[in-house]
Amino acid sequence: MAASLVFRLHDRGPELVREVLLERGWEEYDRRHRQDEDWNLYWRASLFHKSDYYNLMPWQRLNHHPKTVGITRKDFLTRNLRRMRTTFGAGVYDFSPIAFILPNDYTRFLAEYNRLRMSPGPPIYWICKPVDLSRGRGIFIFEDVKDLVYDSSVIVQRYISNPLLISGYKFDLRIYVCVKSFNPLTIYIHQEGLVRFATEKYQLSHLGNLYSHLTNTSINKFSPFYKTEKGKVGQGCKWTMSKFRHFLHCQEVNELLLWQRINNIVTLTLLAIAPSVPHFPNCVELLGFDILIDVKLKPWLLEVNYSPALTLDCQADIAVKKGLINDLIDLMNYRWVDRFRDRAYKRKLHRCLKVNRSDASMAALTVKCSTQKNVEKTLPQGEKLPLLKPEKSQKKCSGLIPRYHRYLPPVEMNKSGAKSGMVSANTTTYSDNKSADLILGPRTKLTGVKKLPCPAITARLPGPPEVTLRDDNETEAEVTPSTETDVSSSTCDTPQQEPLAGSWRLPKIHSVGQRSVNTASSQTREKGTAVPPPRVGDFIRTFPFNSATLKASQEILDVRTVIQELLKLTAKLSHCSRPIRRKIRLDSVRDSEGDGTFESLFWGPKDPKLISHCLQHL
């Protein structure tokens, strides 16, 4: 019987995650009754430590990728978007209002402020936000620079003074984005989201009224008008995305073009950090993108939330967030990964030998195996086990010194002159073969090799997890070891360098911060079996969305090609809305589909259809 899935929450929250996982049959982690590594999902709202990533076991997941703070903190987001705008042009990265980081950019801000103030036209307004606060805290709007007062690092951004209104009330969209992988980049956007309203009518004459200008729920739920009827908005301050789609349909808005522009904002923002995020396949990221739409139906990026709120304040929250977490767990796909954890604990693979680094010259090792009594075995006199130290490049990347040293048993040379460290048929046979079953499995057949004892089982190496995550289209044969497996196939790869004399160590699957090189997975990807599913629940895959972007994300992320494909698709949707461009539209559709082997759904509409179908029926 398979072990139950176990979740671990930091600081006892969020409560919605606990509720959803318990309903799905999971068990909550209890340190008093479980070992440190006996969990499948670790969820926390704050940043993880570096050691949390490097000590991950194959069956464990974290709900954050490292280094995503590059877009979730306001000043980092401003710097990254400014860099991308300089590299790829202001016409591409034109979805964020001009912003300055104070006090460093105060001179540049003052020059821009004076230039806009002297130009003809309506007055220009600015909004000031602390760089490290959330939920609307510390935000204020001003027109005159003399009203700019701050005592910490802040972002001063041009205020979008012409927002689209519903019944006179300002609103923005909370878009939920899941990045399943940064390497290769794989993005899903949830069909359901939230529309957050201000609770007092929009008026530029009252810049200090936060209930009129800010849409944060944490502020507006304390408004005196929160529970009153507010025209089409109704009570409260939230809609579901489904209700907003109905509103757009009634207004005869070109929805497809609007949804694609929002999709472009999400993808272009993530491209700013994707090349720099280290490769950790056992992580997933849920982000909250705040999008404002102006009267010209142009979407603007306000900010990206690192841990979007999962509290249930109203009926709209219940309708959206509970399904969101369920779909996120489905997207993580624990179907096969739990088999690794169950198998490891049954065979005691989690046991490793802890050795004091200062005692590297010791000549005797105490071996503990679960299948026999504790027996003390010593090496032959004069022989020492070599110390396998991590490579210098690993230390530099991780910034950590491994706490344990890993040892594996020496292998004798055969009489035929085989290289030291290689297992041969002439190797000395030991009486007890049970320890070899701990690594290879009790039913594994050793072709031409006699079993060896394993005095030290290495279940964890000083690097990222060795088993990459698997998708729904994989078969059980790809996960469960075959009964006709030899020693060479029991590991994923072979070492690239010569093995150390008198030693044998498990190979390093992939280096820290670099893309893994796995021939089997590359072949699978070429056959099309490793392509991420287009839809999981209400999560729609928005990247990669065609064959060109799939290819551009496989090895080194080709940002320029991705941007070109995004612009092409947006241009085709714009042309499709004009009947006189009928011939151009059909030709562009034919070019975009190619051989038709890669299809994606169009995110945004209530019933998402294939991108090619949307283009053909406009």
Side-chain angles (χ1 to χ4, degrees), residues 3 5-10 17 21 26 28-29 31 34-69 178-184 186 277-286 307 328-329 331-345 347-352 354 390-391 393-406 457-471 479 491-493 506-516 518 521:
L5 291 166
V6 179
F7 67 93
R8 181 179 178 182
L9 299 180
H10 182 68
V17 175
L21 292 176
W26 288 51
E28 187 167 4
Y29 175 81
R31 188 181 298 273
R34 293 187 179 273
Q35 300 184 21
D36 291 341
E37 297 166 349
D38 191 10
W39 49 267
N40 296 88
L41 172 63
Y42 189 4
W43 187 292
R44 64 186 298 169
S46 56
L47 294 169
F48 283 103
H49 301 291
K50 287 184 178 180
S51 58
D52 293 328
Y53 293 103
Y54 290 96
N55 293 332
L56 272 179
M57 302 299 284
W59 57 83
Q60 295 177 330
R61 311 282 186 90
L62 304 179
N63 71 312
H64 292 302
H65 284 277
K67 295 189 177 181
T68 54
V69 71
C178 175
V179 185
K180 190 177 181 183
S181 169
F182 276 96
N183 197 349
T186 308
V277 175
H279 178 50
F280 287 96
N282 287 27
C283 300
V284 69
E285 189 81 46
L286 180 65
S307 290
L328 182 64
I329 301 302
L331 190 60
M332 292 182 185
N333 187 22
Y334 276 96
R335 183 180 306 170
W336 299 113
V337 175
D338 183 52
R339 291 174 180 260
F340 296 117
R341 171 176 165 264
D342 190 23
R343 189 183 309 139
Y345 275 88
R347 300 175 185 172
K348 305 301 181 181
L349 280 177
H350 65 288
R351 291 182 178 271
C352 64
K354 300 180 181 180
E391 298 178 359
S393 60
Q394 276 191 328
K395 285 185 179 181
K396 185 177 181 180
C397 293
S398 64
L400 300 170
I401 299 177
R403 298 172 59 185
Y404 310 126
H405 295 296
R406 278 80 178 178
I457 301 168
T458 304
R460 180 173 53 184
L461 294 177
E466 293 187 0
V467 180
T468 56
L469 303 185
R470 305 178 186 272
D471 290 319
V479 181
T491 57
C492 297
D493 271 327
L506 293 177
K508 183 173 62 176
I509 303 301
H510 46 261
S511 301
V512 177
Q514 296 180 357
R515 193 180 302 275
S516 60
N518 192 324
S521 62

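Residue Pro278 comes nearest to Pro66 through the heavy atom pair CD-CG, 3.9 Å, listed as atom of the first residue, atom of the second, then distance. Looking at every heavy atom in both residues, Arg34 comes nearest to Tyr29 through CB-CE1, 3.9 Å. The heavy-atom pair separating His64 from Ser46 by the smallest distance is CD2-O, 3.5 Å. Of all the heavy atoms in Trp59 and Tyr334, the pair that sits closest is O-CE2, 4.3 Å. Between Cys178 and Val284, the closest heavy-atom pair is SG-CG2, 3.4 Å. For the residue pair Leu328 and Leu286, the shortest heavy atom distance occurs at CD2-CD2, 4.2 Å.
For the atom pair CG of Leu5 and CH2 of Trp39, the computed distance is 13.0 Å after rounding to the nearest 0.5 Å. We find the CG-NE2 distance between Asp52 and His10 to be 10.0 Å, quoted to the nearest 0.5 Å. Note that the SG atom of Cys283 and the CE atom of Met332 stand 10.0 Å from one another [nearest 0.5 Å]. Atom NZ of residue Lys50 and atom CG of residue Asn55 lie 13.5 Å apart, to the nearest 0.5 angstrom.
Other residues, nucleotides and ligands contribute only 12 or fewer heavy atoms inside 6.0 Å of the NE2 atom of His49.
Classified by interplanar angle (parallel below 30°, tilted 30° to 60°, perpendicular above 60°), the ring pair Tyr54/Phe280 is perpendicular.
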side-chain contact (heavy atoms from CB on, under 4.5 Å) evaluation trace for Leu21 with Ile329: CA-CA 9 Å; Leu21 292 176; Ile329 301 302; 3.8 Å; yes
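For Glu285 (side chain) and His65 (main-chain N/O), a donor-acceptor pair under 3.5 Å exists by modelled atom type. Side chain of Gln60 to main chain of Glu37: a donor-acceptor pair is present (N/O by atom type, distance under 3.5 Å, no hydrogens or angles). Judged purely by atom type and a 3.5 angstrom limit, Asn282 uses its side chain to pair as donor or acceptor with the backbone of Pro58. Within the 3.5 Å criterion, the main-chain N or O of Arg44 finds a donor-acceptor partner in the side chain of Asn63.
Taking the side chain as every heavy atom from C-beta outward, Phe7 and Glu28 approach each other to under 4.5 Å.
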